[in-house]
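Both ligands and their constituent atoms are indexed starting at 1 by order of listing. Numbers here simply count residues along the sequence, with the first being 1.
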Amino acid sequence: MVFAARKINAARVNQRLAHLAQFGRTGEGGITRFALTAEEKAATDAVAAWMAEAGLEVRRDAAGNLFGRLPGRRQGPAVLTGSHLDSVPNGGNFDGPLGVLGALEAVQSMREQGAVPELPIEVVSFMGEEGSRFPWGLMGSSFLNGTFPCDQLAAMKDRQGISLEEALRQYGARPEAVHSAAVPAGRYAAYVEMHIEQAGVLESHNLPVGIVTGIAGMRQLRAVIRGRAEHAGACPMELRRDPMPAAAELVLAAERLARESDPATRATVGFLQASPGAANVIPAQVELTLDIRDLDGARRDACVERVRAALAEICRRRGLEGELVVEHTSPPVRCHPELISTMAAAARSLGREPFQLPSGAVHDAANVAALCPVGMIFVRSRGGLSHCPEEYTSPEDVAAGTELLAETLWRIAAVEWERWPEP
Ligand code: HGY
Ligand code: MN
Ligand code: MN
């Protein structure tokens with residue numbers, strides 16, 4: 001039975017996207033759905049019910065990742081596909097859910113058409129991709145590829161002081177067994193993730209979909225600058241040891257150093273906190289996050305070292321103490337050439353241009369690349385916006401992406417994919 005990717009049910013995937021938007025809706029039109037919260041649980045439970053409706057074999061691993069499996073004609077390494085359902089604070093409704101629901105639609109359409117893929121295809125919803133609650137992004141896929149430091153479950157806490165271990169338990173996951181979530185290389189033949197582009201390249205080329213060539217590497221750091229708390233009115237300017245202007249210098253230095261590096265180098269300060277945090281108190285310390293990325297790992301690391309040197313110079317000159325701690329690293333990843341060419345052939349068969357582009361955003365695919373070859377499909381973002389309530393992909397583009405994903409999965413599952421040489 002041949003599979004017709006054009007016959008995916010576009011209305012269903014768009015309705016499901018709209019349905020998920022209710023879980024974590026904020027008063028400002030966005031979505032806040034953090035890792036291991038009731039909101040992520042509600043969205044994941046909805047997807048689990050849809051997987052069961054579609055006749056998939058549904059399971060959850062000890063880390064809270066959800067899987068739905070469509071059996072193949074023969075046993076063998078499954079083709080994995082999916083994304084995540086958690087969000088950034090007041091984020092959009094497409095970053096993550098588009099990849100999970102597109103993957104579910106692809107395999108549900110195969111089943112409804114009576115088309116059985118050669119290899120099994122497994123849909124995954126990874127827990128906690130964004131790193132918005134705990135200081136570790138790509139968390140669910142870190143458990144899958146065995147790189148999460150499982151001895152940190154009790155020590156790693158969110159900003160309310162809840163440990164990851166407690167959050168896993170409250171979520172209904174099994175912190176005592178999280179090691180079992182790790183799978184060996186070879187368990188999967190390949191991984192394909194569909195994702196909203198989160199930038200404006202496809203829109204600028206007036207294209208609905210694109211094929212990703214590689215994923216930027218990311219280093220997330222926490223800078224702490226310590227001075228001396230004093231009275232905001234009584235303490236003369238020349239006697240202060242104030243970490244706030246030092247933090248301001250560091251923010252500007254990070255921006256300048258990234259601009260001086262390369263257009264693919266990106267540096268962002270997304271969080272800054274003074275303590276004790278009162279208008280009439282010179283802060284004792286200022287803490288801020290630094291997110292530094294690049295498609296080239298060495299260039300990214302060189303930028304990190306220049307920021308580290310800038311912090312040391314600022315603190316020395318101002319008589320302050322400073323430290324810069326790496327909290328999470330995600331390696332730059334190249335998508336596998338075999339998958340890129342398969343996607344290009346699938347695109348052409350659907351009358352789509354096989355446009356290729358890199359990803360400045362990181363994705364669970366970067367982790368799964370440690371287990372098998374990975375590929376990604378991007379779908380156009382209106383205005384290139386993402387990580388905000390304005391994030392949007394049209395129903396027509398959702399359909400175009402889902403068709404391409406479905407055709408790609410069908411082709412990958414139908415070929416004898418050996419363990420490919422590293423790209
Ligand atoms: O940060 C990222 O690039 C992704 O959205 N977690
Ligand atoms: Mn994402
Ligand atoms: Mn994101």
Side-chain angles (χ1 to χ4, degrees), residues 17 20-21 24 30-35 39-40 43-44 47 65 81-103 124-142 148 191-199 201 210 212 214-222 258 264-271 289-295 297 300 326-333 357-369 374-381 384-393 398 401 405:
L17 269 167
L20 287 188
I31 288 169
T32 297
R33 191 185 298 149
F34 288 164
E39 292 78 15
E40 188 186 46
T44 308
V47 171
N65 296 314
T81 178
S83 191
H84 61 95
L85 296 175
D86 67 312
S87 78
V88 295
N90 203 33
N93 185 43
F94 295 82
D95 172 0
L98 177 62
V100 174
L101 296 176
V124 61
S125 175
F126 285 114
M127 176 277 287
E129 188 271 352
E130 292 291 2
S132 297
R133 180 178 179 190
F134 294 98
W136 190 282
L138 312 184
M139 187 181 277
S141 52
S142 297
F148 190 88
Y191 174 70
V192 181
E193 178 167 358
M194 174 166 73
H195 205 283
I196 184 172
E197 180 200 341
Q198 302 182 294
V201 174
V212 177
I215 302 169
M218 169 181 74
R219 232 188 249 302
Q220 288 194 331
L221 307 104
R222 186 166 49 88
T265 311
R266 313 244 163 108
T268 309
V269 175
F271 174 84
T289 58
L290 278 155
D291 177 313
I292 300 176
R293 309 184 186 203
D294 199 309
L295 291 166
R300 174 204 59 193
V326 176
E327 295 214 305
H328 178 224
T329 295
S330 169
V333 159
L357 72 167
S359 173
V362 300
H363 302 283
D364 287 309
N367 268 342
V368 184
V374 301
M376 286 194 75
I377 290 169
F378 269 173
V379 182
R380 177 167 38 189
S381 300
L385 298 175
S386 182
H387 279 190
C388 59
E390 297 76 16
E391 179 183 285
Y392 180 79
T393 288
V398 168
L405 177 64

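- Side-chain contact between Gln198 and Asp95 is present, with at least one heavy-atom pair separated by less than 4.5 Å.
- Listed for the Arg133 side chain is a donor-acceptor partner under 3.5 Å among the backbone atoms of Ala35.
- Centred on the Mn ion (ligand 3), the NE2 atom of His387 and the OE2 atom of Glu130 lie at an angle of 110°, reported to 10°.
- Using a 4.5 Å heavy-atom cutoff, the side chains of Ile196 and Val379 are not in contact.
- Proximity of Arg293 to ligand 1 is established by a heavy-atom distance of less than 4.0 Å.
- The atom of Asp95 that is an N, O or S and sits closest to the Mn ion (ligand 2) is OD1.
- Between the side chains of Glu193 and Ser83, at least one donor-acceptor pair of N or O atoms lies under 3.5 Å.
- For the pair Asp291 and ligand 1, the shortest N or O to N or O distance does not fall below 3.5 Å.
- From Asp86, atom CG reaches atom CE of Met139 across 9.5 Å, with rounding to the nearest 0.5 Å.
- Contact atoms of ligand 1 toward Glu130: 4 (C), 5 (O), 6 (N) (distance under 4.0 Å to a heavy atom of the residue).
- Taking every heavy atom of His387 and a limit of under 4.0 angstrom, the matching atoms of ligand 1 come to 5 (O).
- Proximity of His363 to ligand 1, defined as any heavy-atom pair under 4.0 Å, is not found for any part of the residue.
- Near Ala361, meaning under 4.0 Å from one of its heavy atoms, ligand 1 places the atoms 3 (O).
- A perpendicular orientation is assigned to the rings of Trp136 and Phe148, their planes being inclined by more than 60° (bins at 30° and 60°).
- Inclusion of His84 in the first shell of the Mn ion (ligand 2) is supported: an N, O or S atom falls under 2.8 Å.
- The aromatic rings of His195 and His84 are tilted relative to each other, their planes meeting at an angle between 30° and 60°.
- Each of the atoms 2 (C), 3 (O), 4 (C) of ligand 1 lies under 4.0 Å from some heavy atom of Val362.
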